[in-house]
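All ligand and atom numbering here is 1-based and tracks the order in the structure. In this text the structure is predicted, and so the values were computed from the model without any measurement.
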Amino acid sequence: MRAAVFRRSGLPLTVEDVPRPVRAAGEVLVRVAACGFCHTDLHYLDHGVAPAKAPPLVLGHEISGIVAEVGDGDSVVHVGDRVLVPAILPCGSCGVCRSGRENICPSLRMPGNHFDGGFAEYVAVPSRALVPLPPEIDLQKGAVIADALTTPYHAVVHRAKVRAGEWVAVVGCGGVGINAVQFAAAAGAIVLAVDVKAEKLELARRLGASEVLNPSEFPDLGKEVRRRTGGGVDVAIEVVGKPETVELALSTLRRGGRLCVVGYSSSTMPLPLNRLMFFEYEITGSLGCRPVDYPRVVEMVRRGLVRLEPVITGSVPLDRVNEAAEDLRRGTGFRTLVVP
Ligand SMILES: [Zn+2]
Ligand SMILES: [Zn+2]
């Protein structure tokens with residue numbers, strides 16, 4: 001089969017013929033319909049972040065497709081089923097999983113990180129992890145639910161615990177942040193979107209942001225946010241992954257505010273401990289999404305409570321996978337689908 005193979009940071013992906021993955025016990029083979037190109041893929045390609053499995057590795061973890069082959073006696077899914085492959089596959093049996101926090105399972109496996117992923121014609125995945133995609137959701141576009149929608153759902157609902165009527169600042173409105181805007185708005189929050197790109201703020205407004213702010217226009221963004229919100233936001237969600245933007249997000253909080261960090265960074269940063277203590281800030285991290293929530297997000301998409309179409313800004317065949325990387329580097333679009 002054809003697949004886009006990662007060899008090392010600094011090199012583009014090479015599209016080549018590789019053996020079709022072999023299905024292990026409990027696994028099915030999924031024919032990939034589409035796989036979204038995520039910032040995590042860029043971390044491997046450009047920033048020297050090492051995937052869990054040593055290369056050569058097929059990247060891609062936002063996968064939708066059709067079940068092509070099942071094991072004997074597998075009754076969970078059937079050949080021909082339309083499915084979503086979650087970006088995080090927990091072990092399901094460790095103490096962390098059994099406490100209901102499968103998304104931070106120490107033994108979790110991620111396609112395109114721990115094993116060959118979705119920039120390929122086929123992937124082999126555990127059948128019990130698959131999530132059905134209803135016919136009302138476009139099979140290819142549905143791919144982005146696997147990460148770009150479920151990740152902000154978990155952050156907004158479970159980690160930041162956004163409530164109706166609260167002010168929520170979303171710092172960074174890329175492929176994940178723009179959907180944090182959608183979920184916060186769907187939760188009834190008053191959303192303030194922050195990004196340096198005008199077109200991202202424009203879409204954020206269309207998808208439910210009540211206020212938009214470009215930090216390049218405000219030397220003291222925190223002050224401007226506090227002015228517009230009468231004291232600061234209740235919740236700030238950081239979806240960039242840089243110490244500067246975490247600091248920016250902190251500066252928008254009101255007393256008693258909550259910061260939720262979704263963006264990945266390998267950096268460290270100093271924290272204003274006086275404000276942390278006196279203002280009782282709460283700081284949380286957020287990773288991926290629990291299995292129980294995938295069907296909820298799928299149903300929200302099916303019912304139009306959050307939208308896929310505006311967020312998918314491109315689609316390329318597998319042979320042109322590196323163009324999807326380029327789209328993300330330029331920071332112009334939101335999500336580009338890779339279609340084998
Ligand atoms: Zn991702
Ligand atoms: Zn586990």
Side-chain angles (χ1 to χ4, degrees), residues 4 6 13 26 32 34-47 49-53 57-64 84-120 123 125-126 128-129 131 141-155 172-180 183 237-241 261-266 285-294 297 308 311-314 321 324-325 327-329 331 333-338:
F6 169 76
L13 297 173
V32 178
C35 184
F37 203 103
C38 172
H39 255 286
T40 305
D41 300 312
L42 265 199
H43 285 315
Y44 305 137
L45 280 174
D46 294 357
H47 308 137
V49 175
K53 177 190 172 287
L57 174 72
V58 178
L59 298 186
H61 57 269
E62 265 185 7
I63 308 166
S64 63
L84 188 65
V85 180
I88 284 178
L89 309 173
C91 81
S93 55
C94 71
V96 176
C97 282
R98 288 162 66 144
S99 75
R101 300 189 65 180
E102 299 96 325
N103 58 304
I104 51 169
C105 167
S107 309
L108 65 82
R109 296 185 333 126
M110 182 177 163
N113 181 10
H114 295 79
F115 62 96
D116 285 337
F119 297 146
V123 282
V125 284
R128 65 176 169 80
V131 180
K141 290 177 179 159
V144 303
I145 298 173
D147 181 18
L149 268 78
T150 46
T151 294
Y153 173 91
H154 178 73
C173 296
V176 173
I178 195 74
N179 296 316
F183 283 110
I237 301 177
E238 198 273 353
V239 205
V240 181
V261 178
V262 184
Y264 166 79
S265 169
S266 55
S286 188
L287 173 75
C289 182
R290 299 177 311 152
V292 66
D293 289 324
Y294 273 80
V297 176
L308 287 182
V311 178
I312 296 165
T313 38
V321 62
D327 286 348
L328 216 51
R329 283 186 194 108
F334 291 87
R335 262 300 188 269
T336 302
L337 293 177
V338 177

*Does the S99 side chain pair with the main chain of V96, one donor and one acceptor, at a distance under 3.5 Å?*
yes
*Taking V239 as the fixed residue, which of I178, V262, V261 is the one that meets the side chain to side chain contact (heavy atoms under 4.5 Å, CB included) rule?*
V262
*Which angle, to 10 degrees, forms at the Zn ion (ligand 2) with SG of C94 on one side and SG of C97 on the other?*
110°
_2.8 Å cut-off (strict), protein N, O or S atoms about the Zn ion (ligand 1)_ = 3
*asked:* Quick check against the 3.5 Å criterion: does T150 have a side-chain atom that pairs as donor or acceptor with the backbone of I145?
replied: yes
_Quick one: does any side-chain atom of D116 pair with a main-chain N or O of L57 as donor and acceptor, under 3.5 Å?_
no
*Answer yes or no on whether R335 is positioned over the face of F37, meaning its NZ or CZ is under 6.0 Å from the six-membered ring centre and within 45° of the axis.*
no
*asked:* Rounded to the nearest 10°, what angle sits at the Zn ion (ligand 2) between SG of C105 and SG of C91?
replied: 100°
*Between H154 and D293: side-chain donor-acceptor atoms closer than 3.5 Å*: no
*Does a donor on one side chain and an acceptor on the other come within less than 3.5 Å for H61 and N113?*
no
